[in-house]
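Here the structure is a predicted model, which means the values were calculated and not measured.
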Amino acid sequence: IEPDGKTYPDNPHEGEEIGYVIEGTITIVIGNKKYQAGKGESFYINPDRPHYLENRGKKTAKAIWISSPPSF
């Protein structure tokens, strides 16, 4: 995710999502709440509300973001 960039907002759906930050710091936005995760940290999303990732930093951030089941 480029600086000041974000992923496309995902609408609520069934399943689970997890992620791991490889580089930089990201903000995980779930509904009206925001959480930060930095390099080496993981995150979990219960996708029952709109959600997306954003990079508020000045450097590119990289993360692995996995949805289960993978049929989305």
Side-chain angles (χ1 to χ4, degrees):
I1 303 171
E2 295 298 322
D4 295 320
K6 64 181 177 180
T7 63
Y8 185 78
D10 201 1
N11 289 320
H13 57 80
E14 293 181 16
E16 297 177 290
E17 299 182 15
I18 60 169
Y20 179 80
V21 182
I22 298 169
E23 184 177 306
T25 300
I26 61 167
T27 301
I28 303 107
V29 181
I30 306 171
N32 294 327
K33 295 188 178 186
K34 296 183 178 188
Y35 308 91
Q36 279 197 334
K39 180 180 178 181
E41 294 184 309
S42 59
F43 57 92
Y44 171 84
I45 299 174
N46 180 352
D48 62 347
R49 289 174 278 164
H51 52 284
Y52 60 93
L53 306 179
E54 64 182 8
N55 178 2
R56 295 178 162 192
K58 295 183 180 193
K59 296 181 180 180
T60 299
K62 295 181 182 178
I64 297 171
W65 190 6
I66 302 165
S67 294
S68 177
S71 59
F72 300 121

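Here the CD-CH2 distance, from E17 to W65, works out to 5.5 Å after rounding to the nearest 0.5 Å. Taken from CZ in R56 to CD1 in I26, the straight-line distance is 12.0 Å, to the nearest 0.5 Å. Taking CZ of F43 as the reference point, atom OG1 of T27 lies at 11.0 Å (rounded to 0.5 Å). Once rounded to the nearest 0.5 Å, the distance linking OH of Y20 with NZ of K62 reads 13.5 Å. With rounding to the nearest 0.5 angstrom, the CZ atom of R49 is 8.5 Å from the CG atom of N32.
If you chain together hydrophobic residues whose side chains sit under 4.5 Å apart, I1 and Y35 fall into the same group. No path of Ile, Leu, Val, Met, Phe, Trp and Tyr side chains, each step under 4.5 Å between heavy atoms, connects I66 with V21, placing them in separate hydrophobic clusters. When hydrophobic clusters are built by joining Ile, Leu, Val, Met, Phe, Trp and Tyr residues whose side-chain heavy atoms come closer than 4.5 Å, directly or via intermediates, I18 is not grouped with I45.
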Exercise for review: Would you please test E23 and K59 for side-chain contact (heavy atoms from CB on, under 4.5 Å) and show each step?
Suggested key: CA-CA 9 Å; E23 184 177 306; K59 296 181 180 180; over 6 Å; no

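Between K34 and E54, the shortest heavy-atom contact is NZ-OE2, 3.9 Å. Nearest heavy-atom pair across A61 and N55 is N-ND2, 3.3 Å.
In this structure, V29 and K6 have side chains that are not in contact, with every pair of non-hydrogen atoms separated by 4.5 Å or more. Contact of the P50 side chain with the D10 side chain is not registered, since no non-hydrogen atoms from C-beta on lie closer than 4.5 Å.
For the pair T7 (side chain) and L53 (backbone), a donor-acceptor distance under 3.5 Å is present.
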